[in-house]
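Only one structure is covered here, and it is reproduced in the block below.
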Amino acid sequence: MAPAPARWDLAVVGAGPAGAATALGALRADPDLRVALLDRADFPRDKACGDGVAPHVLDLLAGVGVTGLVDDRIPVDRLRLGRGCLVAERRMARPAWVVPRRILDARLVDAAVAAGARLLRHRVRDLRQRTDAVVLDGEISAAVVVGADGAHSVIRRALGRPCGPMALALRGYAPVGPGRRGAQVIEFGTRHQPSYAWSFDRGDGLANVGYGELLHEDRPAPTRAQLLERLEALLPDATESGRHWVGHHLPLSTARWRLPTGRVLLVGDAACLVNPLTGEGIHYAVATGIAAGRAAAAALRDRRPEGAGERYARATHRILLPHLRHTALAARLARSTRVIEAGLRASAAHQRVFDDFVELGLARGRLTPTVALGLGRAFLASIRPSGRPQEPA
């Protein structure tokens, strides 16, 4: 292997989906760029996650030349949402996939390397900005640096940018429970709001199972034992024979999402981008990664690497900010038990309401008029006197 360059055009810190997508976006725009993809781990490696891959992610990756990523996996087209005796179960407009991150991330890294990125085993601890470059740990110099290093991002901390609300989740793998085969199942909590448990069938006899809840400043974070107990309470027998339990933090997005400008960019979890309704982050990671890579390539082409952050912020704000405002509002509303129950009743009654909720939770959806009308009808139905006949939906 040829020796590493003394200076890179682009250094990406973190080789998960956000980092690999950044490299792919940059190299698709300019295959001659010198791109370093830095990660502290060797691949393949495990990563705590729900493992759900929405079809929108595959659409984005196809745009940078990555296809066939999940051809050997079994699609899942059923989604069940529940809270106690209320259940909404329907087929999704497009199937999703459940791909363990050990597999998904390694495939994306392989695609980035095949496109021309250089994968380096390196744990970044320090960032220094100079007028002509960004220097990592005093030894790796790059014209542009992208932080894709997750919820506890070293790059974000170096920029002095804290995240907002955090959630805590626990994930494991267990045999698919009775009645949960071939489906993604989400059961909303009844005691610790907002919270939910999940079981996502991988298609190989095992399910990704877990539980997550919003952290509150006025009370201690739940322990591992408490997380397991709450998972089992919502999805009985989900933890039986479970293995590989791993906890992780989720930095939830807000309506006030702002990005730094300059030579240092943030993507995915490092940019505090996790859907506050569902905990989904892979779509955000890939979307922002590709956008950051393209912005870096354009700035380098124009010999203005210091403008990469501004280009990236313009592109992503246009794409994501309206959606983030809608998810932030929906997350606030979802703290109400009545809103969650109305949403479940509306989703059970109307396919379009269900589809719009899926889009809001997985990709770039918004609170549509269809959703508003469905919620309104569900609220009215819940307060109508029991003896009075209801009009058909």
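FYI, side chains are in, hydrogens and waters are out, and symmetry mates aren't considered; it's all heavy atoms of this structure.
- A donor-acceptor contact shorter than 3.5 Å links the side chain of D39 to the backbone of A15.
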Check against side chain to side chain contact (heavy atoms under 4.5 Å, CB included), R7 and D132: CA-CA 11 Å; R7 175 166 170 165; D132 62 338; 4.0 Å; yes

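- Across every non-hydrogen atom of I290 and L60, the tightest pair is CD1-O, 3.5 Å.
- How far CG of L61 is from CG of L108: 6.0 Å, rounded to the nearest 0.5 Å.
- Side-chain atoms of R230 and E213, non-hydrogen and from C-beta on, do get closer than 4.5 Å to each other.
- The heavy-atom pair separating A26 from L33 by the smallest distance is O-CD1, 3.7 Å.
- Closest approach of L86 and R345 over heavy atoms only: CD2-CG, 3.8 Å.
- Of the charged side-chain nitrogens involved, at least one lies within less than 4.0 Å of a carboxylate oxygen, so that R121 and D42 count as a salt-bridged pair.
- In this structure, CG in L120 is found 6.5 Å from CD1 in I140, a value given to the nearest 0.5 Å.
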Donor-acceptor pairs are to be reported for all side-chain atoms of residues 147-174 against protein atoms at under 3.5 Å, with residues two or more places apart or in another chain.
from : atom 1 : to   : atom 2 : distance (Å)
D149 : OD1    : S153 : OG     : 2.6
D149 : OD2    : S153 : OG     : 3.3
D149 : OD2    : V154 : N      : 2.8
D149 : OD2    : I155 : N      : 3.2
H152 : NE2    : H249 : ND1    : 3.4
S153 : OG     : I155 : N      : 3.2
S153 : OG     : R156 : N      : 2.9
R156 : NE     : R161 : O      : 3.3
R156 : NH1    : A151 : O      : 3.4
R156 : NH1    : A270 : O      : 3.1
R156 : NH2    : A151 : O      : 2.6
R157 : NH1    : H152 : O      : 2.9
R171 : NH1    : D46  : OD1    : 3.0
R171 : NH1    : D46  : OD2    : 3.4
R171 : NH1    : K47  : O      : 3.2
R171 : NH2    : D46  : OD2    : 3.1
R171 : NH2    : H244 : O      : 2.7
Y173 : OH     : D51  : OD2    : 2.5

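- No chain of hydrophobic side-chain contacts below 4.5 Å, direct or via other Ile, Leu, Val, Met, Phe, Trp or Tyr residues, connects V286 to L266.
- In terms of modelled atom types and a separation under 3.5 Å, the side chain of H323 and the main chain of A363 share a donor-acceptor contact.
- Linking ILVMFWY side-chain heavy atoms closer than 4.5 Å, directly or via other members, places W198 and V98 in a single hydrophobic cluster.
- When the side chains of ILVMFWY residues are joined at heavy-atom separations under 4.5 Å, either directly or via intervening members, V57 and V64 end up in a single hydrophobic cluster.
- Nearest heavy-atom pair across A296 and L10 is CB-CD1, 4.2 Å.
- Between the side chain of T261 and the main chain of E310, no donor-acceptor pair closer than 3.5 Å is present.
- Of all heavy-atom pairs spanning S347 and F357, the tightest one is OG-CD1, 3.2 Å.
- The shortest side-chain heavy-atom distance between D137 and H122 falls under the 4.5 Å cut-off.
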Full working for side chain to side chain contact (heavy atoms under 4.5 Å, CB included) between Y196 and L81: CA-CA 10 Å; Y196 75 82; L81 305 173; over 6 Å; no

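- By the 4.5 Å heavy-atom criterion applied to side chains, V66 and L69 are counted as neighbours.
- Within the 4.5 Å cutoff, no side-chain heavy atoms of E232 are placed close to those of E240.
- To the nearest 0.5 Å, atom CG of residue L234 and atom OG of residue S195 are 6.5 Å apart.
- Not a single disulfide bond (SG atoms under 2.5 Å apart) links C49 to another residue, sequence neighbours left out.
- Side-chain polar atoms of T370 and R352 form a donor-acceptor pair below 3.5 angstrom.
- Atom CZ of R301 sits in a crowded spot, with more than 12 heavy atoms from other residues, nucleotides or ligands closer than 6.0 Å.
- The backbone N or O of Q226 sits less than 3.5 Å from a side-chain atom of T223, completing a donor-acceptor pair.
- Between E187 and R80 the shortest side-chain heavy-atom distance does not fall below 4.5 Å.
- A distance-only check finds a donor-acceptor pair linking the side chain of D204 to the backbone of L206 [under 3.5 Å].
- With D9 contributing its side chain and V35 its backbone, the two residues share no donor-acceptor pair below 3.5 Å.
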Side chain to side chain contact (heavy atoms under 4.5 Å, CB included) between L360 and V371: does it pass, once the steps are laid out? CA-CA 10 Å; L360 188 67; V371 166; over 6 Å; no

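- To the nearest 0.5 Å, atoms CG (L344) and CD (E341) are separated by 7.5 Å.
- Between D355 and R91, the closest heavy-atom pair is OD1-O, 4.3 Å.
- If you check the side chains of T327 and N275, you find no donor sitting under 3.5 Å from an acceptor.
- Considering OG1 of T337 and CZ of F188, their distance stands at 11.5 Å, rounded to 0.5 Å.
- I282 and Y284 fall into different hydrophobic clusters, where Ile, Leu, Val, Met, Phe, Trp and Tyr are joined by side-chain heavy atoms under 4.5 Å apart, directly or via other members.
- Counting heavy atoms from C-beta outward, V146 and V13 have side chains that stay 4.5 Å or more apart.
- Remark: the backbone N or O of P100 is not paired with any side-chain donor or acceptor of R202 at under 3.5 angstrom.
- Heavy atoms of other residues, nucleotides or ligands lying less than 6.0 angstrom from CZ of R90 number more than 12.
- Between the side chain of R263 and the backbone N or O of A143 there is at least one donor-acceptor pair closer than 3.5 Å.
- Under the 4.5 Å side-chain heavy-atom criterion for Ile, Leu, Val, Met, Phe, Trp and Tyr, L367 and F379 are members of the same hydrophobic cluster.
- Within the 4.5 Å cutoff, the side chain of V124 has heavy atoms near those of the L38 side chain.
- Not a single donor-acceptor pair under 3.5 Å links the side chain of W257 to the backbone N or O of H317.
- The residues D72 and R107 are annotated as salt-bridged, a charged nitrogen and a carboxylate oxygen being separated by less than 4.0 angstrom.
- In this structure, the side chain of R128 does not engage the main chain of V135 through any donor-acceptor pair within 3.5 Å.
- Between V267 and T316, the closest side-chain pair of non-hydrogen atoms is not below 4.5 Å.
- Distance CG/L324 to OG/S253: 5.0 Å, rounded to 0.5 Å.
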